[in-house]
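Here the structure is a predicted model, which is why all the values come from computation and not from measurement.
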Amino acid sequence: MRIFRAAVTGVALIGATAPVVAQRAATSVQQDFDAAVALDAGSDKQAALNAWEALERRTKTNRRSHAIMLVRKSAALLALDRKDEAVTAARAGLADLPTTDASLNEDRYQAYLNLGRIAQGAVDYASAMAAYSEAAAASDYAPSRFSALLGVIQTATFVDPAVAADALTKAKAIMATAKVDRVVSAELARREGLLLLNKGDFAGARAKSAEAVKLLGGLTTGVDLRDVSARSDTAIAALLAGDAESARKYMAYTGAGRLPSGTFDPAVQMKAPACGGEGGLKPDDMAVVEFSIGDDGTVMSSAPIYAAGGGQVALEFARAALGWSWTPEQVKTLPRFFRYNIRLEMRCSTEFERPSVGDFLSASLENWMTEKHLAVPPADSASDAVALPRQRAAVAAAVAKGRDSLELLPPLYRLLTNVILPREEANVLAHRALAIADANAVPALPRLALDLIERGAARASGKRGGEFARDTMALLSQPLYANDPQARSAVRLLIADADERSKGSRTRELLRQVADDSALAANDPLRVGALVRIASIEKQSGNVEAARVAFERSGLAANQCGIVDSPPQFLSAGGTFPQEAMQWGFEGWTLTQFDVSAEGRVINERAILSYPPFVFTKAGMRTMAGARYAKSYRPDGSLGCGASSQRVRFQMGF
């Protein structure tokens with residue numbers, strides 16, 4: 001039996017290396033290729049990139065060789081963290097790699113694996129799942145294929161559980177033919193446990209997660225990052241299965257809530273995502289997210305672990321965590337080991353529920369197509385994974401009737417709104433849809449819906465972040481959008497949302513431009529959306545009067561405390577330190593959100609952020625449920641204060 005130890009997070013570039021050949025006046029392509037391979041294996045990634053770019057130029061007339069250089073160049077770009085350029089090079093190289101040439105399988109594998117890693121890092125799990133699947137199909141080397149399948153399982157768990165289950169079966173088949181290191185076996189057991197957990201099989205998840213813990217050495221005082229994750233998985237599964245005692249035991253052995261000194265404080269930028277908005281989050285949605293904090297205080301990576309509400313809910317919360325940051329002073333107090341694989345329980349905030357700009361644009365496109373008497377397919381009631389084959393078939397049927405006719409636009413649009421459509425496929429389809437829209441003079445607002453889909457599919461980071469803001473800003477210089485009040489306002493709102501972390505002058509200016517656009521109706525949803533965002537920013541900045549004015553202009557219900565009037569005066573709070581948490585030495589905190597009645601009683605209390613997950617959630621809610629505030633007079637008899645928030649810290653006194 002072959003013995004292998006597959007890399008848990010992927011397999012490095014596979015290829016023989018040769019000694020660097022001294023440069024002469026003229027060198028062959030093969031000599032330069034060998035030299036580039038040697039540089040790739042070293043630490044000077046910029047030198048490796050330079051070598052691949054030189055070969056890219058030399059091989060332009062040879063399609064096969066040029067494709068190989070592009071794929072290798074992509075890996076070098078990724079090593080330099082130039083992700084967008086890496087994606088572009090990988091796509092171009094893969095397009096020209098001969099699919100029948102088995103000698104190129106490893107290049108094809110590595111390109112798809114890198115695309116999967118980039119997409120996964122951006123929490124674009126649909127694209128990552130597709131790329132990892134291609135990587136698994138491309139390689140005939142068992143360890144490589146196994147690593148790609150692990151990626152499929154991890155991402156498909158939150159996108160298409162059926163695909164995850166199929167990949168799990170294939171990975172087990174590979175394991176059955178080889179002697180596998182226990183760490184690899186533990187990782188596969190852990191991935192299976194998370195799949196079962198998110199499918200609602202809590203007992204099965206507990207058994208598999210406990211198996212992973214055992215394979216890693218059991219519940220000992222020795223711990224590495226794999227131990228932390230496996231033990232935490234088991235704790236969550238045990239808790240959801242109804243075994244609270246076992247859950248606390250496994251949680252205690254993760255080290256969560258038990259720093260050697262100091263405490264784990266919330267980030268200076270650590271907001272729960274708003275309910276509604278582009279993610280469509282609901283107050284009852286909940287997820288556990290795992291993230292790592294870098295030396296500079298930013299979140300390096302974020303991944304969903306479990307969600308009540310579905311896989312897309314989990315991904316939305318994980319994306320929100322990518323925007324958090326800690327100060328250098330906070331980072332210094334956290335041991336390096338502790339900053340990795342931190343887990344948090346999350347719910348969305350109802351403080352400023354945002355109208356969704358994306359929904360507004362989608363509605364405008366659907367309305368335009370209806371006005372043109374086009375048959376717009378209804379949103380499929382099944383899951384997006386189930387609907388995807390049907391939606392692809394509808395596009396194929398429309399193409400058969402007329403390759404680029406206007407009748408193709410509705411099924412194309414419906415397919416493009418499927419959240420698990422891989423970005424690579426969406427990029428091609430969105431370009432086609434936009435071409436059809438231009439040929440039929442689609443107005444600015446509905447065209448913008450398609451334009452943004454195409455631009456989002458072209459970026460390595462998906463729809464969020466600085467790349468999105470820079471790319472989208474260019475739309476304001478296009479006359480079609482700049483001269484349309486709603487289109488330019490939608491663009492400005494989207495850029496402001498992408499810039500939300502900074503809340504700087506550009507964000508405020510963009511929002512003011514929308515709020516003060518005289519061409520918009522007073523109750524235009526985009527103006528209302530801008531005013532709500534302004535109120536949120538001003539309140540966080542301590543500008544209560546400016547927040548109040550903005551919120552009143554929105555015309556929304558006046559139930560925001562600290563904006564419409566002064567917050568109710570706090571009188572007292574109840575609650576106690578949970579005995580079971582004290583027994584195991586846990587410390588932590590819960591950020592609660594609640595309403596205050598005109599009588600000063602707390603109602604509708606809920607936990608929106610909790611650390612460690614599930615340990616202090618109920619205790620934090622009980623503490624605020626027993627709190628009392630001064631009575632506040634409201635002429636309409638409504639709440640004295642809506643969506644207030646308060647952090648409850650649980651800390652040992654010794």
Side-chain angles (χ1 to χ4, degrees), residues 116 119-133 151-165 194-200 272-291 301-323 344-350 353-359 361-362 378-392 413-426 449 452-453 456-457 459 461-465 468 497 608:
Q120 186 175 353
V123 199
D124 178 3
Y125 276 27
S127 297
M129 177 187 74
Y132 285 136
S133 296
V152 175
I153 299 165
Q154 183 174 7
T155 53
T157 290
F158 299 96
V159 176
D160 190 343
V163 171
L194 289 178
L195 175 60
L196 293 170
L197 184 71
N198 283 278
K199 291 173 70 173
C275 296
E278 304 309 317
L281 294 173
K282 301 176 180 61
D284 288 339
D285 291 335
M286 181 276 292
V288 175
V289 170
E290 180 178 271
F291 59 93
S301 62
S302 177
I305 299 299
Y306 168 72
Q312 292 307 311
V313 165
L315 296 172
E316 194 65 29
F317 281 114
R319 292 186 193 105
L322 286 173
L344 209 68
E345 179 185 349
M346 298 176 64
R347 291 173 181 81
C348 64
S349 170
T350 59
E353 294 192 50
R354 302 179 175 195
S356 167
V357 180
D359 288 349
L361 294 174
S362 295
D380 204 302
S381 59
S383 70
D384 278 16
V386 173
L388 189 60
R390 291 198 292 264
Q391 292 169 349
R392 283 174 171 151
Y413 158 74
R414 185 56 67 201
L415 178 57
L416 286 166
T417 61
N418 190 305
V419 296
I420 71 166
L421 183 72
R423 190 171 63 236
E424 306 301 311
E425 184 178 352
L452 289 167
I453 291 173
R459 284 185 299 274
S461 56
K463 296 182 179 180
R464 293 170 171 76
F468 172 84
D497 284 349
I608 55 176

Exercise. For the atom pair CZ (Phe291) and CZ (Phe317), what is the distance rounded to the nearest 0.5 Å?
Worked result: 14.0 Å
Problem set entry | Residues forming a side chain to side chain contact (heavy atoms under 4.5 Å, CB included) with Ser362, sequence neighbours excluded | Tyr413
Problem set entry | Ser127: partners by side-chain hydrogen bond (donor to acceptor under 3.5 Å, both in side chains), with sequence neighbours left out | Asp124
For this session: Would you please name every residue forming a side chain to side chain contact (heavy atoms under 4.5 Å, CB included) with Ala318, sequence neighbours left out?
Result: Val123, Val289, Ser302, Pro304
Exercise. What distance do Arg414 atom CZ and Arg390 atom CZ have between them, rounded to the nearest 0.5 Å?
Worked result: 12.5 Å
For this session: Mind checking side chain to side chain contact (heavy atoms under 4.5 Å, CB included) for Pro422 and listing every partner two or more places apart, or none if nothing turns up?
Result: Ala130, Arg392, Glu425
Seminar exercise, completed: What one should report as the nearest heavy-atom pair of Pro273 and Leu281 is CG-CD1, 3.8 Å
Exercise. Closest approach of Arg347 and Ala272, non-hydrogen atoms and distance?
Worked result: O-CB, 3.4 Å
Problem set entry | Side chain proximity check, Tyr132 to Gln120, heavy atoms < 4.5 angstrom | yes
Problem set entry | Sequence-distant partners of Ala426, side chain to side chain contact (heavy atoms under 4.5 Å, CB included), two or more places apart | Leu416, Leu421, Ala457
For this session: Output all residues satisfying side-chain hydrogen bond (donor to acceptor under 3.5 Å, both in side chains) with Gln312, sequence neighbours left out; order by chain, then residue number.
Result: none
Can you give each donor-acceptor pair under 3.5 Å made by side-chain atoms of residues 155-163, sequence neighbours left out, with the distance rounded to 0.1 Å?
from	atom 1	to	atom 2	distance (Å)
Thr155	OG1	Gly151	O	2.8
Thr155	OG1	Val152	O	3.3
Thr157	OG1	Ile153	O	2.6
Asp160	OD1	Ala162	N	3.3

Seminar exercise, completed: Across all chains, not counting sequence neighbours, the side-chain hydrogen bond (donor to acceptor under 3.5 Å, both in side chains) partners of Asp285 are none
For this session: Tell me, please, which residues at least two apart from Tyr306 pass side-chain hydrogen bond (donor to acceptor under 3.5 Å, both in side chains).
Result: none
